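Since the structure comes first, as structure tokens, the remarks are kept for the end.
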Amino acid sequence: MKFFNTLTRTKEEFVPLKPPHVGLYTCGPTVYDFVHIGNLRAFMFDDLLRRWLEYRGFNVTHVMNITDVEDRIINKVRESGKPLKEVTNLYATAFLADLDRLNVKRAHIIPRATEAIPGMIAMIEKLIAGNHAYVSDDKCVYYSIKSFPEYGKLSHRQVGDQSTAVARIKSDDYDKEEMADFALWKAWDEKDGDVKWDSPWGPGRPGWHIECSAMSIQHLGETFDIHCGGEDLVFPHHEDEIAQSEAATGKPFVRYWLHNAHLLVEGKKMSKRFNNYYALGDLLAKGWSGREVRYVLLSAHYRDPLNFTMDGLQAARSALQRMDEFLLKLDANPAGIVPDLQSRFDAAMDDDLNTSAALGALFEFIREANKRTIAASEAAAILATWQRIDQVLGFGMPVKSEAPAEVLALVEERQAARKAKNFKRSDEIRDQLAKQRWGIEDTPKGPRAKRI
RNA sequence: GGCGGGUUAGCCAAGUGGUAAGGCGGGAGUCUGCAAAACUCCUAUCGUGAGUUCGAUUCUCACACCCGCCUCCA
């Protein structure tokens with residue numbers, strides 16, 4: 001099993017620290033608004049990775065944080081006049097519901113930043129004691145980049161490089177020793193209202209990066225296996241996490257860093273301005289299912305930009321119908337050869353989670369299987385394999401819809417009309433059933449009613 | 001300006017130093033009373049230019065366009 005590690009920029013064989021255990025930390029949302037389809041791609045990727053590890057027999061501990069204190073949240077609190085908890089609970093609850101609708105597995109542990117502040121303070125104290133951080137005149141605490149020579153190893157950039165934007169930009173807001181230094185603790189300000197916690201440096205709130213260091217270490221240990229996030233988090237967020245964590249513990253922080261690419265919507269950067277900004281709820285309101293969204297999000301490799309389109313959703317709907325059709329008929333029909341479905345699927349996924357190739361293997365299998373008559377014993381084997389694979393893809397197995405008695409009566413009536421060569425009547429009945437979303441297939445074994 | 005990613009058929013999207021998976025859509029058939037489902041065939045010289053090579057879509061170098069990061073955005 002190989003994964004592309006951002007740290008080394010190469011595909012590496014994955015070997016956990018303590019097999020079969022795997023510690024997995026994935027960056028969760030900042031709950032200041034409903035998540036959008038781009039955010040969801042990241043969480044889908046986390047889910048895929050976690051499912052693949054479990055499929056491969058690893059015992060995964062999956063931790064995903066919820067960031068419930070941050071500038072934009074504070075803005076929301078101020079604008080709405082509602083307490084912090086109320087604002088963050090609203091969006092956190094909606095977020096988890098979105099995950100459910102996409103059939104994303106819940107992380108085993110979902111810590112919230114505001115519940116982990118003592119741990120963050122302890123870590124900051126450790127950093128100050130080790131001369132990796134300093135308290136400024138404005139009562140903020142900053143991390144000193146120059147105290148960590150390896151800073152930049154994840155994002156592969158040189159700090160202090162005059163060509164970087166960071167070096168060019170002037171900061172009037174904060175009292176940092178060096179531009180690239182980042183806040184570990186932000187002193188309370190009037191505009192923060194009630195949002196504040198006591199600390200050895202006075203009231204304030206934690207900086208953004210420290211929460212992930214504190215919470216991941218608390219739940220997974222000082223060195224753990226995998227840390228994920230969107231590619232935008234590589235710098236500065238994850239770079240800063242490394243700096244804080246390794247300076248505080250003196251140990252390597254994360255062994256494999258995996259980052260997913262962003263997506264485009266209808267070929268363009270997603271933006272409210274382009275009218276192509278979608279939350280999951282927007283798509284569901286248009287009649288798409290979570291399953292269809294899931295399919296689209298899994299159809300491209302996670303490290304490539306994905307073009308999310310309405311046409312793509314339609315294509316996903318058709319593709320899923322093809323799968324369902326195959327599976328639903330399987331027990332009645334059944335398998336020549338269950339060729340290398342499993343091995344091809346496994347090989348594709350082992351190669352840095354190549355879902356496109358994995359889906360390709362599935363469809364090639366469907367075509368081969370559809371060509372032949374399948375014995376019942378083989379049908380059972382196929383279904384068992386498919387169910388195993390679906391533990392990873394998470395589309396769910398199709399459920400046969402049982403037609404109600406009145407539909408079945410019409411089906412029989414139509415069949416009688418056909419026997420009597422009364423095709424006008426039989427077509428009428430078919431049209432009538434179609435209006436009730438029931439389709440008919442005339443098979444050698446007789447008519448089959450199916451949901452359409 | 002720095003770093004990174006991308007550019008494959010109408011759309012989406014894998015992949016390989018020896019002329020390119022899969023899905024969707026479209027066209028033509030088989031089957032069917034007609035359909036549906038399924039199956040068969042057709043639907044790409046892999047952004048542009050040059051180089052390396054017996055041979056490149058795949059390697060190298062330019063160029064173009066797109067995208068991400070470079071001040072807390074997945």
Side-chain angles (χ1 to χ4, degrees), chain A residues 6 9 26-30 35-46 67 70-72 152 155-159 161-171 173-174 179-180 182-183 186 207-209 228-237 239-240 259-264 267-270 295-296 299-301 303-309 311-323 325-326 328-329 333 344 348 351 354-364 366-367 369-372 418 421-423 426-427 430 434 439-444 447-448 450 452:
Chain A
T6 307
R9 286 184 177 170
T26 63
C27 274
T30 299
V35 297
H36 55 67
I37 191 65
N39 297 312
L40 291 172
R41 183 186 195 192
F43 303 120
M44 274 296 317
F45 161 60
D46 299 338
T67 298
E70 192 259 357
D71 289 4
R72 287 164 301 171
S155 55
H156 301 91
R157 67 186 72 201
Q158 301 283 313
V159 252
D161 182 339
Q162 290 306 307
S163 64
T164 64
V166 167
R168 290 201 308 268
I169 290 161
K170 291 200 170 185
S171 169
D173 296 348
Y174 298 108
M179 270 317 311
F182 57 91
K186 295 181 173 184
W208 177 40
H209 317 297
C228 300
E231 60 183 349
D232 57 300
L233 295 182
V234 174
F235 188 89
H237 186 52
E239 194 70 71
D240 291 350
H259 295 94
N260 63 278
H262 284 196
L263 53 72
L264 300 173
K268 284 184 288 198
K269 183 178 174 175
M270 182 168 54
Y295 185 98
V296 172
S299 64
H301 183 80
R303 281 192 293 115
D304 282 335
L306 162 74
N307 190 8
F308 190 94
T309 66
D311 284 352
L313 281 166
Q314 182 58 53
R317 175 169 293 176
S318 298
L320 284 165
Q321 273 167 6
R322 181 169 161 79
M323 278 189 194
E325 197 72 47
F326 170 70
L328 286 173
K329 285 179 177 173
N333 198 359
R344 285 189 60 194
D351 183 15
N354 192 335
T355 45
S356 305
L359 288 172
L362 257 56
F363 282 108
E364 280 186 47
I366 287 176
R367 179 154 40 72
N370 275 333
K371 283 182 194 175
R372 60 192 100 216
R418 291 182 69 221
K421 305 265 186 214
N422 184 356
F423 297 121
S426 68
D427 289 351
R430 185 165 58 194
I440 302 244
E441 277 181 34
D442 294 319
T443 74
R448 164 179 176 249
K450 64 171 181 180
I452 54 174

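Since the model is a prediction, treat every value here as computed from it, not as a measurement.
When the nucleotides B:A74, B:G33, B:C72 are ranked by their closest atom to the side chain of A:Leu263, B:A74 comes out on top. Nearest to the side chain of A:Asn39, among B:A74, B:A36, B:C67, sits B:A74. Of the candidates B:A74, B:C73, B:C69, the closest approach to any side-chain atom of A:Arg157 belongs to B:C69. The side chain of A:Met270 lies closest to B:A74 when the candidates are B:G68, B:A74, B:U32. Considering only the side chain of A:Leu264, B:C67 comes nearest among B:C3, B:C69, B:C67.
A side-chain donor-acceptor contact under 3.5 Å links A:Glu239 and A:Ser155.
A:His36 does not qualify as a stacking partner of the B:A74 base, lacking a centre-to-centre distance under 5.5 Å together with planes within 30°. Judged by ring centres under 5.5 Å apart and planes tilted less than 30 degrees, A:Phe423 stacks against the six-membered base ring of B:G33.
Remark: side-chain polar atoms of A:Arg41 are paired, donor with acceptor, to backbone N or O of A:Ala261 under 3.5 angstrom.
At a cut-off of 3.5 angstrom, counting only N and O atoms as typed in the model, there is a donor on one side and an acceptor on the other between the side-chain of A:Arg430 and the base of B:C34. Side-chain to base pairing of A:Lys268 with B:C66: no donor and acceptor N or O lie closer than 3.5 Å to each other.
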_Dot-bracket encoding per residue of RNA chain B, Watson-Crick/G-U cut-off under 3.5 Å, | denoting interstrand_ = (((((((..(((.........)))((((((.......))))))...(((((.......))))))))))))....
Would you tabulate the pairs of protein nitrogen or oxygen atoms and nucleotide nitrogen or oxygen atoms of nucleotides 13-20 of chain B closer than 3.5 angstrom?
| residue | atom | partner | partner atom | Å |
| --- | --- | --- | --- | --- |
| B:A13 | OP1 | A:Asn307 | N | 3.1 |
| B:A13 | O2' | A:Ser356 | OG | 3.2 |
| B:A14 | OP1 | A:His301 | N | 2.7 |
| B:A14 | OP1 | A:Asp304 | OD2 | 3.2 |
| B:A14 | O5' | A:Ser356 | OG | 3.1 |
| B:A14 | O3' | A:Asn354 | ND2 | 2.9 |
| B:G15 | OP1 | A:Asn354 | ND2 | 2.8 |

Between the protein and nucleotides 38-40 of chain B, list the N/O to N/O atom pairs that are separated by less than 3.5 angstrom.
| residue | atom | partner | partner atom | Å |
| --- | --- | --- | --- | --- |
| B:A38 | O3' | A:Asn370 | ND2 | 3.2 |
| B:C39 | OP1 | A:Arg322 | NH2 | 3.4 |
| B:C39 | OP1 | A:Asn370 | ND2 | 3.4 |
| B:C39 | OP2 | A:Arg322 | NH1 | 3.2 |
| B:U40 | OP1 | A:Lys371 | NZ | 2.9 |

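To the nearest angstrom, P of B:C69 lies 13 Å from CZ of A:Phe235.
For the P atoms, the distance from B:C12 to B:G17 is 26 Å, rounded to whole Å. Taking atom C1' in both B:U48 and B:U8, one finds a spacing of 15 Å when rounded to whole Å.
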